[in-house]
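Beneath this line is the structure, given in structure tokens, with notes to follow.
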Amino acid sequence: MGKLFRPLVFFITFLILLITEILRRREGAPSLLADNFPMWFLYLVVFIMFLSIVGTLYMRKRIIRKHETILKDVNLDTDLHLDRGEYFYQAPIYDADGQRIRIFGGEDITYSLHFNNSFERWFAITVPLPIYGIHLKSKSHDIIIKCDKIFSFKFHYSILVDGEFFGKFSNHRLTTKDGISQLLPFYVQDAAHRYSVKNPYGSLTTAILKDDQIKLLEGKRSFLDLSKSEKTNMRGEEHTLKVYDDENPDELWLAVYGFCIILKNRSS
């Protein structure tokens, strides 16, 4: 998301400059640029930025279409040999609105980006701000992590489990120990407990701990080397997860983990 911001800004800027130069030269007014500045350069930049915008939109459509093929692959569940509480998914290289990512190991678990309205959807496509959340659903549960505040130094998200409020999702401040030492400086807070996401810098292992003591989830991801996965024949980080929580649905922590990875990939 937000991949259109730079090419769109450059396209509009140079298009305005190009039109201005054309009009000024017709009226015999001096150029805003250097004397004898080649007009072909402005045409070239506008054309390149236009191709960049078209290419980004094409890549978005192509990635969505490729991940739809995984949703229909009925053999992967058995080929992965996952036990109870074990899950696997491959995160896309590019997160796109309308894209559904399948998580293997459960009952038809998929997730996609969540937007509160159409304005947030189009704003997120053009501007690289994390104003979106995640919507994970299975046959048994429906989990939504939705954005409450758009412009804030600290993340403000609400977590809904089957339509009921569960708690808040946020991040540690950079001035705190966890804000400095953790690659994924996030946590979930409900009425009674804090659930911390732990992933030190340099580690490919993530854990979600209840009150910094009880492990609820452990996830291990592959190193992103852009080579195709032998399991899915697609590119992207592979994630192998194990959920240990007996009180809350596994889908809750899968959604929290998946959203943390989305935010990590956005910032990188």
In the single-linkage hydrophobic clustering (I, L, V, M, F, W, Y; side-chain heavy atoms under 4.5 Å), do F11 and V45 co-cluster?
yes
Counting N and O atoms only, with roles assigned by atom type, does the side chain of D245 sit under 3.5 Å from a partner on the main chain of E247, one being a donor and the other an acceptor?
yes
S52 side chain to I48 backbone, donor-acceptor under 3.5 Å
no
About how many Å separate OG1 of T206 and CD of Q182, when rounded to the nearest 0.5 Å?
9.0 Å
So, taking the atom named CD1 in I143 and the one named CD1 in I134, what distance separates them when rounded to the nearest 0.5 Å?
10.5 Å
Can you tell me if K220 uses its side chain to pair, donor with acceptor, with the backbone of L241 under 3.5 Å?
no
How long is the straight-line distance from OG of S196 back to CZ of F186, given to the nearest 0.5 Å?
12.5 Å
Is it the case that over 12 heavy atoms from other parts of the model lie below 6.0 angstrom from the CZ atom of R194?
yes
Check whether any side-chain N or O of T13 sits under 3.5 Å from a backbone N or O of V9 as a donor-acceptor pair, and report yes or no.
yes
Looking at every heavy atom in both L204 and S222, which two are closest together, and how far apart are they?
CD1-C, 4.3 Å
Which distance, rounded to the nearest 0.5 Å, do you find between the CD1 of I208 and the CD1 of I214?
14.0 Å
Please report the interatomic distance OG(S203) to CG(L183), rounded to the nearest 0.5 Å.
8.5 Å
Under-4.0 Å salt bridge between K242 and D83
no
For I180 and L174 the tightest heavy-atom approach is CG1-O, 2.9 Å
Which residue pairs pass the ring-ring contact (aromatic ring centres under 6.0 Å, His included) test with at least one member in residues 234-265, sequence neighbours excluded?
Y89-H239, Y157-F259, F169-F259, Y195-W253, H239-Y257
For L209 and K215, which heavy atoms make the closest approach, and how far apart are they?
CD2-CA, 3.6 Å
Please list all pairs passing the salt bridge (Lys or Arg N to Asp or Glu O under 4.0 Å) test where one or both residues lie in residues 23-34, with sequence neighbours left out.
E21-R25
Between the side chain of T20 and the main-chain N/O of I16, is any donor-acceptor distance below 3.5 Å?
yes
Can you tell which of N199, T205, T240 makes a side chain to side chain contact (heavy atoms under 4.5 Å, CB included) with R221?
N199
Give a yes or no on whether K154 atom NZ has more than 12 heavy-atom contacts from other residues, nucleotides or ligands under 6.0 Å away.
yes
Using the rule that two of Ile, Leu, Val, Met, Phe, Trp, Tyr join whenever any of their side-chain heavy atoms come within less than 4.5 Å, decide whether I53 and L17 are in one cluster.
yes
Just do the salt bridge (Lys or Arg N to Asp or Glu O under 4.0 Å) check on K198 and E218 with the steps written out, would you?
CA-CA 9 Å; K198 301 292 186 180; E218 183 178 71; over 6 Å; no
Applying salt bridge (Lys or Arg N to Asp or Glu O under 4.0 Å) to K139 and not counting sequence neighbours gives D108
So does Y201 have more than 12 non-hydrogen atoms from other groups sitting under 6.0 Å from OH?
yes
Within a 6.0 Å radius of atom NZ on K137, are there more than 12 heavy atoms belonging to other residues, nucleotides or ligands?
no
Backbone N or O of F155 within a donor-acceptor pair of the S170 side chain at under 3.5 Å?
yes
When you look at CZ of F47, are more than 12 heavy atoms from neighbouring residues, nucleotides or ligands closer to it than 6.0 Å?
no
How about CG on D246, more than 12 heavy atoms from neighbouring residues, nucleotides or ligands closer than 6.0 Å, or not?
no
Working to the nearest 0.5 Å, report the span between CD1 of I131 and CG of D148.
13.0 Å
Is there a ring-ring contact (aromatic ring centres under 6.0 Å, His included) between H135 and Y111 once you walk through the steps?
CA-CA 5 Å; H135 184 192; Y111 76 83; over 10 Å; no
Between D190 and F166, what is the shortest heavy-atom contact and its length?
CB-O, 3.3 Å
Is it true that K264 and E237 make a salt bridge, defined as a side-chain N closer than 4.0 Å to a carboxylate O?
yes
Give a yes or no answer on whether the side chain of D250 reaches the backbone of V243 with a donor-acceptor pair at less than 3.5 Å.
no
List the atom of V161, the atom of P249, and the distance in Å for their closest heavy-atom pair.
CG1-CG, 4.2 Å
